[in-house]
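So that the names make sense, note that chain A is the first sequence line, chain B the second, and so on, each numbered from 1.
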Amino acid sequence: MAIPTKTKKIINKTGNKSASNFRTKTNSVFTSKKGLNEEVIRDLSRQKSEPEWMLDFRLKAYEVFLEKHMPNWGADLSGIDFDNIHYYVRPQDKTKRKWEDVPAEIKNTFDKLGVPQAEQKFLSGSGAQFESEMVYHSLAKELAKKGVIFESTDDALKNHPGLFKKYFGTVVPAHDNKFSALNSAVWSGGSFIYVPKGVHIELPLQAYFRINIENMGQFERTLIIADEGSSVHYVEGCTAPTYSSDSLHSAVVEIVVKKGARVQYTTIQNWSGNVYNLVTKRASAFENAEMFWLDCNLGSKATMKYPSIILRERGAKGEIQSLAFASKGQHQDAGGKVIHLAPDTSSTIVSKSISKNGGRTTYRGLVKVIKGAKNVKTRVVCDALMLDPASRSDTYPTMDIKEKDVAIAHEATVASIGEDELFYLMSRGLSEEQAATLIVNGFASPIVRQLPMEYAVELNRLLALEMTGSVG
Amino acid sequence: MSQTKTITKFKKVLVVGANKKALCFLDTIPDGKITLKKNADLTLICLITEGWEDSRKFIINAKERGAKCDCIIFILGKNNFSYSAKIEAIHGAPNTQIRARIRAGLTDQATCHIEGDWKIEKTAKGANAYFSHHTLLLSDEAKAKTSPNLEIKTDDIKAGHSASVGKIDEEALFYLLSRGLDETQARALLVQGFFESEIMNIQNEKIAEIIRTSVKNFLS
């Protein structure tokens, strides 16, 4: 596929390493004090003029957060200091809908990242998260006419209270884990999408996330509801500037896929090397519905993320594909969970991970089939590529099967780059680094080629960048 | 290499000495530890019918260079027996190899939970690790849980695992029925086939025959 010149320019911009290392000075209107207590939550809720039930929800979640222990498995989270984090930052008072109204310095940041162009080319609507609140939100007119809602989660709480209350917290309850409780207590921003019955959104909807104030936790909350027979593809992309002290990102994503609907949720993540990325993502799929998580994790200090799908009714399908890249000092603990609660449901999990320079990747997954879920089919494949002896790769798949009428398959391979592969490519005139990059790109390509084109190109660039200086 | 030694029982600890070759044929997954010295070569075959109550921990430690363990486990699970074990395989030295293949057929209310922890330490260049666990569920009440885990701390190794859970292939069953077999015969034959794909890898013909007989008696 030929790349238009305009897109090439964007790619050159975004592919450049410095592009994600800049930091724009912004004037935040309201920054909460560091640390968390009931008063901070009350303050935050008051600032947002939220209804009483949401404040109650937050305070209850805060209690759960205090009660829950830190996970004693997975990545090392001992570096998180909950008292040294800003829990709420708001760059401007109101969410803007038009691009022209967005302040110049913020616009400038997005320009460097190529967001508006990307929108023109590929996207029908865009919500970009800059710090905690949506600053830019536009939605193609036809979609609004069809009844599609694409707003910041905060706005949706005000504008669609009935719909919001019906679904909020139903897929990921506050007491699910310590970090979902934390998110429930202090959530801010994120996207809310409602697609009415029978409506198909052809182009992907996009939100761009960035963390911009040092020590600021980003706790966005995304809720997607695809009503019967509808379809939507949501893309979330992340780049964050590099900072000296540790940042926490702890999002919750809830998705409801109703009868016959289809949702694809694509993530490209490139957090800076000091971010703790602890995200709870879960989808609930009903009769003949289809849920697809496509998850690409680069960067961050530690990631713990296991997109999950609960297949609740007959004929529901789930697919999780993920790519993880861990470099020096990074631990990508990722995977996927599928729970089959109904007959004739099927799922696929494909996980590819690359570790280099002492990086550590972990696949952690679960496939569960309850009794009575007949004719379930599932396939799990995990492949790991290790680029040097200092790196580490773990695989922890679990299959819990309580029904006989099933077909469950799992396979995994771990390998390093073959000497003969390198030799062959080098004999064709490539340098060792080019050859290794080519092999890594080839390894990742089954996942990468499913991304929207622009993202695929950007991700390949990022992989190439990560590979720079990794050989010899 | 010295003469192959056959072991049918051991308590808690088994050490296979340097350059020794041993064959171990057991009727259970032991609650204990096997240590393999330099270039030790152990073939471990387990034919299991009786279950046990608590979960067991079985450790295979390839401690010195070139140690090798080939492990084939057959579980013929029935009644309300439980077969629950954690198998830890440690590759602690270069060119060590621990390969385990488990085949479980479960009927009645049998439950089987195998956790395989395959570890390749930093010092284990050229290690070769393999773990597979395939389960055939033969009744509505049977349950299986499997966690084939890999922890790999260095590159230049070979590691793989696979697991599957399923029932008797309807198409194969239909084929056999169309050839004039009755359903009981056809099912028994398919179960035998499921186990045979590992039995055929056993070099000791005597042991292979014992397992074949047990499999034949399993469903009758």
Side-chain angles (χ1 to χ4, degrees), chain A residues 73 335 340 353-419, chain B residues 91 94 104-171:
Chain A
W73 46 276
H340 293 262
S353 62
I354 302 158
S355 45
K356 70 152 216 189
N357 237 344
R360 182 173 171 196
T361 57
T362 302
Y363 168 82
R364 200 181 294 277
L366 171 71
V367 173
K368 191 169 179 170
V369 180
I370 64 155
K371 180 133 205 64
K374 288 189 186 296
N375 198 19
V376 161
K377 288 192 175 66
T378 155
R379 192 171 72 99
V380 181
V381 182
C382 343
D383 294 330
L385 186 65
M386 297 170 77
L387 300 182
D388 53 64
S391 300
R392 175 167 178 186
S393 170
D394 305 330
T395 315
Y396 304 101
T398 298
M399 274 145 274
D400 189 355
I401 315 299
K402 299 211 161 62
E403 169 61 49
K404 120 188 132 151
D405 254 334
V406 296
I408 315 286
H410 170 92
E411 55 186 298
T413 59
V414 180
S416 52
I417 290 184
E419 292 281 327
Chain B
H91 298 75
L106 304 175
T107 185
D108 303 333
Q109 293 91 37
T111 55
C112 175
H113 180 188
I114 305 285
E115 192 179 331
D117 282 343
W118 254 241
K119 294 181 177 163
I120 298 182
E121 301 298 339
K122 262 205 153 11
T123 46
K125 281 263 167 213
N128 184 342
Y130 184 76
F131 175 78
S132 76
H133 181 198
H134 298 287
T135 306
L136 194 58
L137 294 176
L138 298 163
S139 76
D140 289 334
E141 251 67 47
K143 286 176 205 142
K145 196 171 171 186
T146 173
S147 309
N149 302 333
L150 289 172
E151 288 182 10
I152 297 158
K153 292 177 188 159
T154 187
D155 70 342
D156 194 19
I157 51 100
K158 241 170 95 177
H161 64 192
S162 69
S164 71
V165 181
K167 55 165 185 169
I168 283 182
D169 184 1
E170 292 292 334
E171 247 174 75

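- One finds no salt bridge joining B/K145 and B/E115 here, because no Lys/Arg side-chain nitrogen approaches an Asp/Glu carboxylate oxygen to under 4.0 Å.
- The shortest non-hydrogen separation linking A/M386 to B/D155 is CB-CB, 3.9 Å.
- Looking only at heavy-atom pairs under 4.5 Å with chain A, the residue among B/D156, B/L150, B/D140 that has the most is B/L150.
- Proximity to chain B (any heavy atom under 4.5 Å) is shown, for A/K368, by neither the backbone nor the side chain.
- Note on A/R379, A/M399, A/R360: by heavy-atom pairs under 4.5 Å with chain B, the leading option is A/M399.
- Heavy atoms from other residues, nucleotides or ligands lying under 6.0 Å from NZ of B/K158 number 12 at most.
- Ranked by heavy-atom pairs under 4.5 Å with chain B, the list A/A407, A/A409, A/P397 is led by A/P397.
- A/D388 places a side-chain N or O within 3.5 Å of a backbone atom of A/N357 that can act as its donor or acceptor partner.
- When the candidates B/D169, B/T146, B/L136 are compared by the number of heavy-atom contacts under 4.5 Å with chain A, B/T146 comes out ahead.
- Between chain A and the residues B/T135, B/T111, B/L138, B/T154, the most heavy-atom pairs under 4.5 angstrom are made by B/T154.
- Summarising the geometry of A/E403 relative to A/V406, their closest heavy-atom pair is O-CG2, 3.3 Å, with the distance given to 0.1 Å.
- Highest contact tally toward chain B, considering only A/T413, A/L385, A/D405, A/I417, is held by A/D405 [criterion: heavy-atom pairs under 4.5 Å].
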query = Would B/W118 and A/V414 count as a side-chain contact (heavy atoms from CB on, under 4.5 Å) if you check the C-alpha gap in whole Å, the side-chain angles of each, and the deciding distance to 0.1 Å?
reply = CA-CA 12 Å; B/W118 254 241; A/V414 180; over 6 Å; no
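- Note on B/I152, B/L137, B/I157: by heavy-atom pairs under 4.5 Å with chain A, the leading option is B/I152.
- Neither the backbone nor the side chain of B/K119 comes within less than 4.5 Å of any heavy atom in chain A.
- For a residue to count as touching a neighbouring chain, one of its non-hydrogen atoms must lie under 4.5 Å from one of that chain's; by this rule B/K122 touches chain A with the side chain only.
- Contacts with chain B were tallied for A/G372, A/G365, A/S393; A/S393 has the most, counting heavy-atom pairs under 4.5 Å.
- When each of A/K402, A/K377, A/K371, A/K404 is checked for heavy-atom pairs under 4.5 Å with chain B, A/K404 comes out on top.
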message = Would B/I114 and B/F131 count as a side-chain contact (heavy atoms from CB on, under 4.5 Å) here? Give the steps.
response = CA-CA 11 Å; B/I114 305 285; B/F131 175 78; 4.0 Å; yes
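- Between the side chains of B/H133 and B/H161, no donor N or O sits under 3.5 Å from an acceptor N or O.
- Most heavy-atom pairs under 4.5 Å with chain B: of the set A/C382, A/P389, A/S416, this distinction falls to A/P389.
- Among all heavy-atom pairs drawn from B/N149 and A/Y396, the shortest one is OD1-CA, 3.1 Å.
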